[in-house]
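The model shown is predicted, which means the values in this text are computed figures rather than measured ones. To find a chain, count down the sequence lines: A is the first, B the second, and so on, and within it residues start at 1.
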Amino acid sequence: MSQTFVTRGAMAAGALWLMASAAAAQSLDETINEVFASSTGWFVSFIFSSFPGTNFPWIVGWLVVAASVFTIYFGFIQFRVVKHSIQLVKGDYSDPDDAGEVSHFQALATALSGTVGLGNIAGVAVAVGIGGAGATFWMILAGLLGMASKFTECTLGVKYRNEYPNGTVSGGPMYYLTKGFAERGVPGGKILAILFSIFCILGALGGGNMFQANQAHQQLAGIFGDYPGWITGLIFAAIVFIVIIGGVKSIARVTEKVVPFMGIIYVGAALVIILMNIDQVGSAFGQIFAGAFTDTGIVGGVVGALIQGFRRAAFSNEAGVGSAAIAHSAVRTKEPITEGLVSLLEPFIDTVVICTMTALVIIITQQLIIDPETGLYVLDGAAIATVGGNSGVSLTSAAFASAFSWFPYVLALAVVLFAFSTMISWSYYGLKAWTYLFGEGDKQELTFKLIFCLFVVIGAAASLGPVIDFSDAAIFAMAIVNIIGLYVLMPVVKRELNSYMSRLESGEIRKFK
Amino acid sequence: MSNIFVAAYDGSEASNRAVHFAIERAKITGSSLIVAFVLEWSPYSFLTPEEIAERHVRRKEELQRAEDAIIAPLMEQLREEHANVPVSAMVKFGHPVETLINIITESGATQVFIGRTGHSSVVSRIFGSVTGSLAQVSPVPCTIVP
């Protein structure tokens, strides 16, 4: 009853705001943008500071090194177990008596709907738009390596989760950092867990919220004409409010059902465009390889392409970030390792398949302007000049529109839905971190959820630059802490893996189908 | 060795008729009866992160509710009316027809009984399709009770 009242009140307030003059509105957007950019600048420059004497951000190196270490430590796990992972998703090893519990498929689908989204559409456009075709190569490599990071963190997420007497579970890096470190006798777990929780809240508000609201607004503004961002923000905030505070699950459920469908349409359209231009696929891959290893005129040269590729891949598939460990930890399984094996499919689907499709469409439809004489990209500031001067989602949109003129409308709908489902997922991740810090309870939960809704408005109103920088910074900050934990706890995962694999070979773990 | 019969039950009037028809037959032939109750569940449906976290609890609650509100009263009634027929109940999650077939094969049942409403309401259509599918794929003789 009171919730309906609050919702109505919020909507009425929104309607009043809508009546404010357009001029005042624009300046409100500017004020939000200024305050936001100045208050987050120091955090962003810390995360993206370079190794002394280079222009290589240390955080990108941190992620690449970690993913490579896990890949080698687990003996190229991502290439060895894919067949078994698919069998697990299909339910071949699920005990029929456990029917009614969350299946591996459901856990994977939910985690994917949290990661597949704007990173695949807008993020890739940003990577290719700044780093050129070569960024795609590094993005794919990052996706493949990231599979090992995801495997490690999701196994730990299940192994060290908390189960409460009422049967609900809470898991994620904050739990394996505390419990896992204590078990191994390594000090500092508690501090790292607290740090992770703080960064996770920032990540939820940044990449999981503001970036989404921001890009959704850009799409809507592209269709309905330019209008102040906070209007989109208020509408989105109202819907998010209804779902996460009002408990109207039906909206979330509808989105969850529509999102995979939109994903299929998106990949389908990309495939059609690629097939229509099949003769250019070879040259597109040629550009991707050439750009990865030779200077194509972009800012920063080859290293610039690498940085963009890795940065956007990490933002898209979140491997090593720790968010997936929260999503996967609730699954009912006797073997934590099985959840890790399933989760490693995520970066593959997200980055190696979907992101690559986006990149190929942008490259094939020749959105990036190349100087015909030198063969180098034509620059427009720090980014590559594009046909029509597009960047972010609008670059992807223009690329698809060059084949199907109506596609921007489908894409706009997809972006809005993806943005929404990612927000719902991240509101949950943020909430788990929040309750870890402040304790479980209705009051604590409500506080976080209200803050979350507020940031939807800020995100929609601010301009892309500061938002994307803050979003990246917050999400990478999570990775700093999480990866330290993964290094300390990787022997635990190895033990689990070896034991599971030997029992699988001996037939002790049997197939039900 | 006595035969085992399976009767599909979902709390509806039609399924109630099927169960009673089945127990009469079981009595005459000296067979035992398994009342099968399937809670519809697909491992491929989509859940939100929050639903995933709560699923284990919800599942328990659903099982408990089915047990208390639907199965227990029926079993009491059946045991009262037919004291000499051995009756048991099975509550399972899954696809209705597939799960019924699993129950049939695992228990080694020789016959299955299922109700049919014959109405065109949405609910009975859904139940009707379960009846139709079971009739087509059942590994043992299937009696459809109108």
Which atoms form the tightest heavy-atom contact between A/Ser103 and B/Pro43, and what is the distance? OG-O, 2.6 Å

Hey, is CZ on A/Phe261 packed in by over 12 heavy atoms from elsewhere, all under 6.0 Å? no

Can you give me the closest heavy-atom contact between A/Asp97 and B/Arg59, atom names plus distance? O-NH2, 3.0 Å

Okay, B/Ser42 and chain A: the region with an atom under 4.5 Å from a heavy atom over there is backbone

What closest approach, in Å, do B/Tyr44 and A/Lys90 show between heavy atoms, and which atom pair accounts for it? OH-O, 3.1 Å

Would you compute the distance between atom CD of B/Glu51 and atom CD of A/Gln106 and round it to the nearest 0.5 angstrom? 9.5 Å

At a 4.5 Å cut-off on heavy atoms, which part of A/Asp98 comes close to chain B: side chain, backbone, both, or neither? backbone

Could you tell me whether the side chain of B/Arg55 and the main chain of A/Gly100 form a donor-acceptor pair under 3.5 Å? yes

Nearest heavy atoms of A/Thr110 and B/Ile52, plus distance in Å: OG1-CD1, 3.4 Å

